[in-house]
Amino acid sequence: MKLLVIEDDPKTAALMQKGLTAEGFNVEVSRDGEDGLEQVAIMQPDAIILDVMLPKQDGWQVLSQLRHDGNDIPVLMLTARDAVEHRVKGLTLGADDYITKPFALSELVARIRSVLRRSQSRCTDDIRFADLVLDPRRHKASRDSTQIELTTKEFALLQLLLEHQGDVLTRIYISERIWGIMYEGDSNVVDVNIRRLRTKVDDPFPQKLIHTVRGRGYVIR
């Protein structure tokens, strides 16, 4: 798999290139937005790791240009830990995921593999797990051939969980992806919607798919 890292900090870029190469990826590095866009055209990477703060063209401009051109290469944004607006803006502009600095290499690898897996799943109409089938184009869900009626938000939440099969999603991540808002510690919007989703997706069936990981979040497995 070919990865393009667009990061202007030499130390950070070198660490990512070394670590990701050790994980079996073919990694190229660009140090500014303009060169990054040129490398996308030349290299045709399978995924892009894109920093927000870049010279010449920043990460927003690069991402906007890619999506404007109809380029759907998965993009994982690098954001500052306290910049919630950066994460929300990136997701709104079409980023597939984000990771906050500083980060562990293991988390970066997991998120890259996740966006690659989701990108590959777009080639088919349905997303499947066990006896659960989700059809994003027709906005339909079923288990064991039984149709499940879901609201728009419930469908989006289930799709997010399915696209991250096996990955634990935090309440912060879910809140930003589904509602586009920062998760507040005393808010129960995520928990309430997970409960509603379980009532429809899990309760009528013997095999439970949506699991709580205490202190971390939720996962389908």
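The existence of a salt bridge linking Arg67 and Asp96 is confirmed by a sub-4.0 Å separation between a basic side-chain nitrogen and an acidic carboxylate oxygen. The pair Arg196-Glu154 does not meet the salt-bridge criterion, since no charged nitrogen lies less than 4.0 angstrom from a carboxylate oxygen. Looking at Arg137 and Asp135, no side-chain N of the basic residue comes within less than 4.0 Å of a carboxylate O on the acidic one, giving no salt bridge.
Gln147 CD: more than 12 foreign heavy atoms inside a 6.0 Å radius. Heavy-atom neighbours of Met43 CE from other residues, nucleotides or ligands within 6.0 Å: above the threshold of 12.
At a cut-off of 3.5 Å, with distance as the only test, no side-chain donor of Ser106 or Arg111 sits close to an acceptor on the other residue.
Screening Asn193, Thr212, Asp203 for a side chain to side chain donor-acceptor pair (under 3.5 Å) with Arg198, the sole residue that qualifies is Thr212. Checked against Tyr218 for a side chain to side chain donor-acceptor pair (under 3.5 Å), the options Thr170, Asp191, Asp167 give a single hit: Asp191.
Within the 6.0 Å centre-distance limit, the rings of His139 and Phe155 are counted as a close aromatic pair.
In the hydrophobic clustering of this structure, Leu15 does not group with Val5; members are Ile, Leu, Val, Met, Phe, Trp, Tyr whose side-chain heavy atoms approach within less than 4.5 Å, directly or through other members. Clustering ILVMFWY residues whenever any of their side-chain heavy atoms sit less than 4.5 angstrom apart, transitively, puts Phe103 in the very cluster that holds Leu76. Taken together through direct or relayed side-chain contacts under 4.5 Å among Ile, Leu, Val, Met, Phe, Trp and Tyr, Leu160 and Ile172 form part of one hydrophobic cluster. Note on Ile178: it clusters hydrophobically with Leu93, by side-chain heavy-atom contacts below 4.5 Å among ILVMFWY residues. Hydrophobic clustering, with ILVMFWY side chains joined whenever heavy atoms are under 4.5 angstrom apart, keeps Val201 apart from Val133.
Residues satisfying the salt bridge (charged side-chain N to carboxylate O under 4.0 Å, His left out) criterion with Glu34, sequence neighbours excluded, are absent altogether.
Residue pairs meeting the side chain to side chain donor-acceptor pair (under 3.5 Å) criterion with at least one partner in residues 40-63, sequence neighbours excluded, are Asp51-Lys101.
Side-chain contact between Leu78 and Ile49: present, with at least one pair of heavy atoms (C-beta onward) separated by less than 4.5 Å. Contact annotation: the side chain of Val27 never approaches that of Met16 to less than 4.5 Å [non-hydrogen atoms, C-beta and beyond].
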**Request:** Run the numbers on Leu161 and Val219 for side chain to side chain contact (heavy atoms under 4.5 Å, CB included), then give the verdict.
**Result:** CA-CA 6 Å; Leu161 290 166; Val219 60; over 6 Å; no

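Cation-pi contact between Arg216 and Tyr173: absent, since separation from the ring centre below 6.0 Å together with deviation from the ring axis within 45° is not met.
The distance from atom CD1 of Ile194 to atom CZ of Arg171, rounded to the nearest 0.5 Å, is 8.5 Å.
Remark: the backbone N or O of Arg221 is paired with a side-chain donor or acceptor of His211 at under 3.5 angstrom.
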